[in-house]
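Scroll down for the structure; my scribbles are underneath it.
Naming: A, B, ... by sequence-line order, numbering from 1 per chain. Values reported hereafter were calculated over all heavy atoms of this structure, with side chains retained and with hydrogens, waters and symmetry mates removed.
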Protein chains: 2
Amino acid sequence: MTTSTNSEAGNKLICTVDVVLLSLSEGQLRVLLLKREREPFAGAWALPGGYVHIGEDQGCEDAAQRVLRQKAGLESPYLEQLASFSGPARDPRGWSVSVAYFALVPHPEEALPGQQWLPVDRLPQLPFDHGSIVATAVERVRSKSQYSSLPVHLCPEPFTISQLHAVYETLLGEPINTVSFRRKLDELAILEPVVGEKRTEGAHRPAQLYRVRAEFRQRLRLVGRGLNR
Amino acid sequence: MTTSTNSEAGNKLICTVDVVLLSLSEGQLRVLLLKREREPFAGAWALPGGYVHIGEDQGCEDAAQRVLRQKAGLESPYLEQLASFSGPARDPRGWSVSVAYFALVPHPEEALPGQQWLPVDRLPQLPFDHGSIVATAVERVRSKSQYSSLPVHLCPEPFTISQLHAVYETLLGEPINTVSFRRKLDELAILEPVVGEKRTEGAHRPAQLYRVRAEFRQRLRLVGRGLNR
DNA sequence: ACAATAGTGTCTGTCAGACAATATACA
DNA sequence: TGTATATTGTCTGACAGACACTATTGT
């Protein structure tokens with residue numbers, strides 16, 4: 001067994017980024033998977049990802065934004081570093097480090113060819129360790145939803161309080177008191193009302209529309225004592 | 001400008017780990033710095049860190065444990081992944097990714113030669129981006145202290161509730177209600193009393209000694225609604 | 001008018017913080 | 001006995017959850 005030295009040829013280390021792009025549709029949290037065009041795992045559905053381009057990227061977050069732009073056509077969704085995954089076996093090409101990010105977007109109209117939005121609770125086996133990466137991201141998002149404004153990034157603007165309420169309930173998997181929810185949103189002061197109103201299907205009072213205030217478009221807001229659940 | 005390709009020679013990517021080892025002494029949160037023996041920044045005080053050894057390490061966490069063992073002589077403190085730091089400029093040797101970890105230990109008797117424990121609030125300029133890494137770690141630890149059992153790893157066992165209380169107050173920087181604190185510890189059920197008792201300096205009732213229950217030596221315990229402050 | 005959802009006002013139980021009482025050591 | 005800190009018991013204010021009431025639309 002060779003005593004490993006710093007970073008010599010022959011035993012190259014691979015460095016990639018992977019992005020867990022999440023969205024909400026049909027009452028389910030879904031993740032974007034792409035059909036891989038190259039080996040390894042060509043033809044399999046996997047997370048969007050790619051090599052860090054050291055001539056081009058100013059950091060791994062840059063690389064993640066580039067991957068999102070090039071492979072999912074997205075410009076600047078809410079993006080946050082998740083964790084790094086590493087080891088000799090996770091990628092058949094060799095010892096690898098993947099810096100994983102997660103991003104949240106309102107659900108797009110339709111998936112492009114080679115794209116698929118699958119419910120995170122019913123995923124097939126994924127290549128590499130993408131299964132664990134998705135699981136980690138989902139856990140993080142559900143956890144942060146308990147005490148932050150993170151989920152607003154899943155709502156297409158403008159949205160009603162009821163819509164946002166439903167989003168939180170889906171993520172947390174249990175009912176949230178509507179009165180408390182409104183109170184919290186008030187305290188947080190991340191939303192601003194939009195002039196127009198909105199009417200739902202049926203015959204009832206229309207709901208005020210809101211959008212996220214610019215200051216919180218990229219930054220989160222943490223709540224003092226959670227949503228209290 | 002070259003269109004960057006995957007990971008060809010000439011433009012090698014560097015992959016390292018860095019560890020923010022934290023401890024509490026004289027009422028201050030302190031970080032371990034080591035005098036660098038090699039370039040770059042030979043002679044400067046910096047975080048313990050090193051290359052990932054792909055022939056030896058089973059992952060970056062392994063590498064971090066190895067660094068702690070070899071450079072600080074520690075066996076298995078509480079260790080958690082912090083974040084990854086990357087970019088073309090953070091390391092003069094080239095485009096680099098560092099997977100950073102933080103670890104908590106009771107303050108050791110004395111620093112070995114070439115080691116130094118400096119207060120995190122009064123650090124000099126550090127090489128690389130070690131200043132940001134430490135800042136991120138401190139923020140994470142302070143934040144987690146609000147709602148988890150993380151700080152127990154800073155107390156030399158066995159310890160009294162009063163000691164632990166002081167640790168929390170130091171980390172959070174404000175007084176914590178003693179009654180609430182005891183109640184929370186009770187709920188958490190992470191501590192178990194040790195047979196012997198302890199007497200402090202003066203003349204007063206001795207305090208019960210506790211240690212962390214084995215189940216929580218490596219895992220954290222989260223509190224429902226924080227320590228409520 | 002009726003149905004249905006949006007939004008608000010008010011009461012109640014729970015829990016963190018304050019305060020006070022008790023416990024137990026050494027001097 | 002006196003002093004100092006540990007530990008426990010009890011009261012109180014703040015706030016989340018429940019409930020009920022008002023608002024506003026289409027049918």
Side-chain angles (χ1 to χ4, degrees), chain A residues 27 145-149 155 157-170 172-211 221-229, chain B residues 27 145-149 155 157-170 172-211 221-229:
Chain A
S145 298
Q146 290 174 5
Y147 60 92
S148 83
S149 60
C155 271
E157 293 192 326
F159 51 82
T160 67
I161 304 283
S162 304
Q163 277 180 303
L164 187 58
H165 182 248
V167 167
Y168 270 86
E169 287 194 333
T170 301
L172 297 174
E174 33 185 352
I176 298 178
N177 184 285
T178 45
V179 179
S180 302
F181 187 71
R182 281 171 188 276
R183 273 196 293 241
K184 277 296 173 194
L185 282 181
D186 235 43
E187 284 175 39
L188 286 172
I190 41 167
L191 301 185
E192 58 185 7
V194 184
V195 281
E197 288 192 87
K198 176 180 189 177
R199 55 200 103 278
T200 15
E201 339 79 53
H204 56 277
R205 177 174 174 177
Q208 176 63 53
L209 286 169
Y210 293 87
R211 69 177 151 233
R221 181 87 152 210
L222 302 183
V223 102
R225 285 203 204 82
L227 287 160
N228 262 60
R229 303 148 358 65
Chain B
S145 298
Q146 291 174 5
Y147 60 90
S148 82
S149 60
C155 271
E157 295 192 327
F159 51 82
T160 67
I161 304 284
S162 304
Q163 277 180 303
L164 187 58
H165 182 248
V167 167
Y168 271 86
E169 286 193 333
T170 302
L172 298 174
E174 35 184 352
I176 298 177
N177 183 286
T178 45
V179 180
S180 302
F181 186 71
R182 282 172 188 274
R183 273 197 292 242
K184 278 296 174 194
L185 282 181
D186 235 43
E187 285 175 38
L188 287 172
I190 42 167
L191 301 185
E192 58 186 7
V194 184
V195 282
E197 289 193 87
K198 176 179 190 178
R199 52 201 107 278
T200 15
E201 338 80 55
H204 56 276
R205 176 173 174 177
Q208 175 64 53
L209 288 169
Y210 293 87
R211 70 175 149 235
R221 181 87 150 210
L222 303 183
V223 102
R225 282 203 207 84
L227 287 161
N228 262 61
R229 304 147 352 69

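Residue-level contact check: A:Ser162 touches the backbone only, with heavy atoms under 4.0 Å from sugar-phosphate atoms and none from bases.
Taking atom CG on B:Leu185 and atom P on C:dA16, their separation rounds to 12 Å, with Å as the unit. Rounding to whole angstrom units, CD of residue B:Gln208 and C1' of D:dT8 are separated by 15 Å. Here the P atom of nucleotide C:dG7 and the CG atom of A:Leu191 are 12 Å apart, to the nearest Å. One atom, CD of A:Glu169, and another, P of D:dG17, lie 12 Å apart when rounded to the nearest Å. Distance, B:Arg183 CZ to D:dA6 P: 18 Å, rounded to whole Å. Protein atom NZ of B:Lys198 is 19 Å distant from nucleotide atom C1' of C:dA23, rounded to whole Å. Whole-Å rounding puts the A:Ile161 CD1 to C:dT5 P distance at 17 Å. The distance between atom CD of B:Gln163 and atom P of D:dT5, rounded to the nearest whole Å, is 15 Å.
When each of D:dA6, C:dA6, D:dG9 is scored by its nearest atom to the side-chain atoms of A:Ala207, the top-ranked nucleotide is C:dA6. Distance from the side chain of B:Asn177 is smallest for C:dA18 among the nucleotides C:dA18, D:dA16, D:dT3. Nearest to the side chain of B:Arg182, among C:dG9, C:dG7, D:dA6, sits D:dA6. Checking D:dA16, D:dG26, C:dA25 against the side-chain heavy atoms of B:Pro206 singles out C:dA25 as nearest. Out of C:dA6, D:dG26, D:dA4, the shortest distance to the side chain of B:His204 is found at D:dA4.
Judged by distance alone, the side chain of B:Gln208 and the main-chain N or O of B:Val194 form a donor-acceptor pair under 3.5 Å. Looking at A:Glu174, its side chain never comes within 3.5 Å of a backbone N or O of A:Glu169 through a donor-acceptor pair. In this structure a side-chain-to-backbone donor-acceptor pair under 3.5 Å is missing from B:Arg199 to B:Pro206. Without hydrogens or angle criteria, A:Arg221 side chain to A:Leu188 main chain gives a donor-acceptor distance under 3.5 Å.
The aromatic ring centroids of B:Tyr168 and B:Phe181 lie less than 6.0 Å from each other.
Residue whose closest nucleotide on DNA chain D sits further toward the 5' end, between A:Glu187 and A:Gly202: A:Glu187. Mapped onto DNA chain D by nearest heavy atom, B:Tyr210 and A:Arg199 fall at different nucleotides, with B:Tyr210 at the one closer to the 5' end. A residue-by-residue look at A:Thr178 and A:Thr200 shows that A:Thr200 has its nearest nucleotide of DNA chain C further toward the 5' end.
With hydrogens and angles ignored, no donor-acceptor pair closer than 3.5 Å exists between the side chain of B:Arg205 and the base of D:dA4.
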